[in-house]
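Input: a single structure, listed below in structure tokens.
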Amino acid sequence: MVELIIGGARSGKSALAEQRAEASQRAEASQRAVIYIATAQAKDAEMVERIAHHQARRPADWLLVEEPLQLVTVLKKHAAPDRCLLVDCLTLWLSNLLFAHAGNADKQRDEWLTQETVALFTVLPQLPGRVILVSNEVGLGIIPLGEITRRFVDEAGRLNQRVATLADRVTFVAAGLPLELKSPAA
């Protein structure tokens, strides 16, 4: 089962994803192991603090995999029927992709970005076990002034739409309150 949890900054989406992963771990007869896949990179003091906050909330028995770029490879490697993969977050992954090849020609960067996102869309429906993806809804705010930030908002919107289409369950979180947008078929 693939689940997307989406919301704004500090909406409570990561906490909800962690609660659902923990509930999956407890409720499943198989005692589903949780693997937390972090896409953040600690490039400044503020991000170090954010990462520490997330780490302090997680149960000690969860495996942590830090991967800012090769998300599809990590998903393929760790997905299993008895596992829950929690990816936090898709928009950081997208940002990492956009800036990883910033020095390349626009066409090369665009081709690489398309290749990575299409690979994600291809692999998601094939993964065994449970996959919970966290993503930011960035399209509800002010339209950004700069070209790269407008590009990020556009790409994030496309990414979220496609993942939502593929997901079995989609939840929007605002002010810590979940709103089910799509529920698994009974």
Side-chain angles (χ1 to χ4, degrees), residues 1-97 116 119-137 159-160 163-164 166-184:
M1 179 172 126
V2 175
E3 178 174 358
L4 173 63
I5 299 177
I6 190 168
R10 296 290 183 243
S11 63
K13 63 193 175 296
S14 293
L16 178 63
E18 291 163 7
Q19 290 167 9
R20 289 192 176 162
E22 197 167 16
S24 172
Q25 187 178 30
R26 286 191 319 265
E28 301 292 333
S30 63
Q31 293 298 305
R32 192 171 273 172
V34 177
I35 300 175
Y36 189 101
I37 302 169
T39 62
Q41 298 181 80
K43 291 188 172 187
D44 58 41
E46 187 267 342
M47 187 55 91
V48 169
E49 189 175 309
R50 283 178 181 258
I51 290 170
H53 173 75
H54 279 256
Q55 289 170 335
R57 278 198 324 230
R58 289 196 299 267
D61 64 330
W62 288 8
L63 178 66
L64 171 65
V65 176
E66 295 175 324
E67 181 49 61
L69 296 170
Q70 301 300 316
L71 179 58
V72 173
T73 301
V74 169
L75 289 170
K76 286 182 191 178
K77 179 179 178 181
H78 292 285
D82 62 341
R83 290 185 179 158
C84 175
L85 307 181
L86 193 167
V87 177
D88 198 354
C89 85
L90 288 179
T91 41
L92 282 174
W93 173 68
L94 177 66
S95 178
N96 295 338
L97 291 176
E116 292 298 315
L120 177 67
F121 305 147
T122 302
V123 79
L124 278 178
Q126 301 171 10
L127 295 173
R130 184 168 183 183
V131 179
I132 302 172
L133 304 157
V134 176
S135 193
N136 290 285
E137 173 51 70
L159 175 66
N160 289 337
V163 172
L166 298 170
D168 301 294
R169 181 181 197 180
V170 179
T171 306
F172 179 76
V173 181
L177 300 173
L179 174 63
E180 292 297 319
L181 302 177
K182 181 179 180 183
S183 297

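We use all heavy atoms of the structure for the numbers below, so side chains are in, but hydrogens, waters and symmetry mates are not. Numbers here are sequence positions counted from 1.
Here the CD1 atom belonging to Ile35 is positioned 11.5 Å from the CH2 atom belonging to Trp62, to the nearest 0.5 angstrom. Put simply, CG on Leu177 and CG on Leu16 are 10.5 Å apart, with the number rounded to the nearest 0.5 Å. In this structure, CG on Leu86 lies 8.5 Å from CD1 on Ile37, to the nearest 0.5 angstrom. We find the CD-CG distance between Glu116 and Leu71 to be 9.0 Å, quoted to the nearest 0.5 Å. Rounding to the nearest 0.5 Å places CG of Leu64 at 8.0 Å from OH of Tyr36. Rounding to the nearest 0.5 Å gives a distance of 8.5 Å between CG of Leu97 and CD of Gln70.
Under a 3.5 Å cut-off, the side chain of Lys182 and the backbone N or O of Ala164 do form a donor-acceptor pair. Looking at Arg83, its side chain does come within 3.5 Å of a backbone N or O of His78 through a donor-acceptor pair. Judged by distance alone, the side chain of Asn96 and the main-chain N or O of Thr39 form a donor-acceptor pair under 3.5 Å.
Here the side chains of Lys77 and Val65 are not in contact, with every heavy-atom distance at 4.5 Å or above. The shortest side-chain heavy-atom distance between Leu133 and Leu124 falls under the 4.5 Å cut-off. Using a 4.5 Å cut-off on side-chain heavy atoms (C-beta onward), Ser24 and Val34 make no contact.
For the salt bridge (Lys or Arg N to Asp or Glu O under 4.0 Å) condition, the pairs that include at least one residue of residues 8-25, sequence neighbours left out, are Glu3-Arg20, Glu18-Arg57, Arg20-Glu180.
Residues passing the side-chain hydrogen bond (donor to acceptor under 3.5 Å, both in side chains) test with Thr91, sequence neighbours excluded: Asn136.
Here the shortest heavy-atom pairing between Gly176 and Pro178 reads O-CD, 3.7 Å. Between Gly12 and Val173 the shortest heavy-atom distance is C-CG1, 3.8 Å. Closest approach of Phe121 to Pro125, counting heavy atoms only: O-CD, 3.2 Å. Contact detail for Ile5 and Ala17: the closest heavy-atom pair is CD1-CA, 3.5 Å. The nearest pair of heavy atoms linking Leu4 to Ser135 is CD1-CB, 3.9 Å.
With Val87 as the partner, the side-chain contact (heavy atoms from CB on, under 4.5 Å) test is satisfied by one option alone out of Leu120, Val134, Leu75: Leu75.
Within a 6.0 Å sphere centred on CD of Gln126, heavy atoms belonging to other residues, nucleotides or ligands number more than 12.
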Leu166 and Val2: CA distance, side-chain angles, deciding distance, side chain to side chain contact (heavy atoms under 4.5 Å, CB included) verdict: CA-CA 8 Å; Leu166 298 170; Val2 175; 5.8 Å; no

